[in-house]
Amino acid sequence: MGSRPASHLFAELVHVLHDESDALVANDPARLLDAANRKEHLLRLLAPQANALRAMRRSGSDELERFAREAAQLMALDSAQFVAGLSSSRASAVDSRIAAVRAAHTD
């Protein structure tokens with residue numbers, strides 16, 4: 001994002017939006033054009049950040065959906081009967097996973 005961090009760019013964007021609003025209220029086309037050009041420039045600089053945030057949100061949503069499906073499956077199992085048929089190490093792992101899912105479900 002160049003030499004300016006995203007937080008500064010967002011702060012500048014808020015300032016430009018105020019300038020744009022003031023120019024609209026004052027009916028000043030020159031100030032409005034200047035503010036619109038600065039806003040467009042800042043939005044272009046912030047585009048990679050926005051794209052990264054969108055990708056993170058999609059990834060998080062996919063993970064939550066997968067976790068919800070897994071939680072529903074684990075909660076539907078009779079854990080005691082299921083775990084009884086496993087070796088002790090696998091049973092311990094399944095018990096731990098069931099406990100984690102149940103704990104997350106109650107949060």
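Only heavy atoms go into these numbers, but all of them, side chains included; no hydrogens, no water, no symmetry mates.
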Q. Taking C-beta and beyond as the side chain, do H41 and L45 meet within less than 4.5 Å on heavy atoms?
A.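 Side chain of H41 against side chain of L45, heavy atoms only: contact under 4.5 Å found.
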
Q) salt bridge (Lys or Arg N to Asp or Glu O under 4.0 Å) with D34: which residues, sequence neighbours excluded? A)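 D34: salt bridge (Lys or Arg N to Asp or Glu O under 4.0 Å) contacts with R38.
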
N/O donor to acceptor pairs below 3.5 angstrom from side-chain atoms of residues 8-15, sequence neighbours left out:
residue	atom	partner	partner atom	Å
E12	OE1	R4	NH1	2.9
E12	OE2	R4	NH1	3.0
H15	NE2	D19	OD2	3.4

Q.
Test question: given the 4.5 Å side-chain rule for I, L, V, M, F, W and Y, name all other residues clustered with L32, or answer none.
A.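 Hydrophobic cluster check, L32: joined to L24.
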
Q.
Just to verify, what does D28 make a side chain to side chain contact (heavy atoms under 4.5 Å, CB included) with, not counting sequence neighbours?
A.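 So D28 forms a side chain to side chain contact (heavy atoms under 4.5 Å, CB included) with A26, A30, R31.
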
